[in-house]
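Reviewing the structure listed below.
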Amino acid sequence: MNRFRNALMTTVLAAVLCVIFVPAAGFAQANRIIIDGSTTVGPIGKAFAEYYMSKNPGVNITVSESGSGNGAKSLINGTCDVATMSRFMKDEEFKAAVEKGVSPVATVIAIDGLAIVVHPSSPIQGLTIDKIRDIYTGTITNWKELGGPNVAIVLISRDTNSGTYETFESLVMNKQKISNKAEYVGSSGAIRARVQSTPAAIGYVGLGFVDKTVKALKVNNVYPDNATVTSGAYSIARPLFMFTNGYPKMGSELCNFLNLYLTQKGQQIIEEIGFVPVTKY
Amino acid sequence: MQSQLLISKGARRYKRFGALFGHSLLVAIASSSVIALLFIFYFIMRDAIPFFRIEGVKEFFTSTHWYPSRNAPEFGALSIFVGSALVTLGASIVAVPLGILAALCLSDILPFSVRQVAKPVIEMLAAIPSVVFGFFALVVFAPLLQTHGGSIIAAGAWIVFAPLGLVVVAVASDVATSRLPGRARAAGRIGAAVLLGSLATLALLALTGFLNRLPVSTGTNALNVSIILGIMALPTIVSVSEDALNAVGRELREGSYALGATRAETLVRVVVPAARSGILAAVILGIMRAIGETMVVWMASGNAARIPSPWFNLLEPVRTLTATIAGDMGEADQVTGSARYHVLFAMAACLLAFAFIMNVVSEYAVRRSRRTKG
């Protein structure tokens, strides 16, 4: 009797655990686009995918963000259709791709421009990129060293999690460490909120986040706007890529998806996420 | 005759089976939380141990260089541990005296009708989601601290220390004059209260004068988070310690009065010691709430991985364990930087170990105080 009871209890326990831990089985679909790569470009991929799937219900698009390098790796290994990358492919990656019979084709879908922002009351109008680096490494700690009031600079940075941080680190910091006095916040909106409420603050946000509540600084004497960013005159900017294996067949779902960035809706999406579209309608 | 009382074999088996089924279902439900705990322990340790294997133990606990995203990453978490400790300490300074005093007020001093209204209102604080507190801390409180920092801190010092001082003065003058003979006692008590009270007021004025002149360069700092976390921990402390004070019972209080003790003596020497274990449990619960809180610290502590100078300077931004885990989890994929992924689990393991130690300590303290009482 006791043994029977124990056995029953074990069975019930096992059953409960099974129900909890057996994963739901996935189902495959014919029209499937797999996107992998940069965390910076990922949001564009996700927003495009959402929009495209709502317009074309038969298509299933999955977007993962594992970094540009992994995106390239997946494209070379044939495990994804589109590799989103915030840098161009390296020579070794090209070589590996060609050896595997993959010919990577790059499409610039947007431009990532970072504005350096300060409080509107700040007398500073512009900085050189070296000065910005000195501020963020902690070499310059007071606004008076730059011709401003005698207050300590409050450094605001995006969290190391973000593509924005990555862009800033690679385009401004030049492999130097950001000072440990820097405050990290979780979103570009939060940077803007902190800067607009803190007279001594400096921060950086994607161009799409600049509004009247904060002041964008000239960098190396160039004011950041869509024109200077697309022309390349503004220095804290870089193109964002989607790599495909050859150019997709015209009219295919992949081709239509890829060309979303040329449509008005695509450009709106890109601007909403905080990047600069390549073309302007 | 007998055969009529017997239930048929089939029905008996059916009944037994039903009872068994119910029994085992209840066992499964009851053990599910234990199983969940074991799973949490197992999975955190499984991912935490590889970090120490890859990076070693020393750097993690002794270095303050936290650069996990660089090509040559550095995982010095000392400043993050200090940040967590500082924020927790600040929150307990805000919440513990206020909470215990509020509980005392509710249970023994205020009239019953006030308590009936006030306690649910305080408990409602616990129902506010932490992200709302975080948003408030970031958008409202941080700019306020920046512009009127000194005077807010001074006002806060008044709120915390004035009631504390009042109670201390009342009790101290009570105790100091309790040996005096009948008629002199009342006069002596008033004299002592005035003397001590003015001394305390002067000290408080000097303190707030100093605090008033403090410059606050950034609003998202340890103080901001300490205050908000203190407010979040308050309902736990008030509610649990008030329950403990209430549980002391009327008999003990009346016994104390019957022996000629004043109200202050009864409170300090009888009620509070009797409710000690419950109050301790309340404090520990409140502190656990503060140390485990994530959203508020992630939004409003500044997240600068650096030990403030001097170390108790609450006006500088700090980074805490919970905020680091929450903020770095997204990018810390297992493919690219595995040490970076495992370091977060190492931090989680430290938090878990701390929670475990706190629980053991409180259990031990509760047991011991029970033994000495009984």
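The structure displayed is predicted, hence computed values, not measured ones. Letters A, B, ... mirror the listed sequences (proteins, then strands); counts begin at 1.
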What pairs of donor and acceptor atoms, side-chain ones from residues 74-87 of chain B against any protein atom, are under 3.5 angstrom apart with sequence neighbours left out?
residue: B:Glu74; atom: OE2; partner: A:Lys177; partner atom: NZ; Å: 2.7
residue: B:Ser84; atom: OG; partner: B:Leu321; partner atom: N; Å: 3.0

Does any heavy atom of chain B fall under 4.5 Å from the side chain of [X], the backbone, both, or neither of them?
X	result
A:Val151	neither
A:Ile178	backbone
A:Gln196	neither

So, taking the atom named [atom1] in [X] and the one named [atom2] in [Y], what distance separates them when rounded to the nearest 0.5 Å?
X	Y	atom1	atom2	answer
A:Ser157	B:Asn303	OG	CG	10.0 Å
B:Trp298	A:Tyr184	CH2	OH	10.0 Å
B:Asn221	A:Glu183	CG	CD	8.0 Å

> Is the number of heavy atoms from other residues, nucleotides or ligands under 6.0 Å of A:Glu50 CD greater than 12?
Replying inline: no
>> Tell me whether the count of non-hydrogen atoms from other residues, nucleotides or ligands lying under 6.0 Å of CZ in B:Phe135 goes above 12.
In response: no
>> Within the 4.5 Å heavy-atom criterion, are A:Val185 and B:Met299 side-chain neighbours or not?
In response: no
> Out of B:Leu138, B:Thr220, B:Thr218, which one racks up the most heavy-atom pairs below 4.5 Å with chain A?
Replying inline: B:Thr220
> So which of A:Ala193, A:Ser179, A:Ala182, A:Ala200 has the biggest tally of heavy-atom pairs under 4.5 Å with chain B?
Replying inline: A:Ala182
> Picking from A:Thr198, A:Ile156, A:Leu155, A:Ile153, which has the most non-hydrogen pairs under 4.5 angstrom with chain B?
Replying inline: A:Thr198
>> Walk me through whether A:Ser197 and B:Gln146 qualify under side-chain hydrogen bond (donor to acceptor under 3.5 Å, both in side chains).
In response: CA-CA 8 Å; A:Ser197 64; B:Gln146 262 156 219; 4.5 Å; no
>> Test of understanding: with side-chain contact (heavy atoms from CB on, under 4.5 Å), list the residues that count as partners of B:Ser151, not counting sequence neighbours.
In response: B:His148, B:Asn212
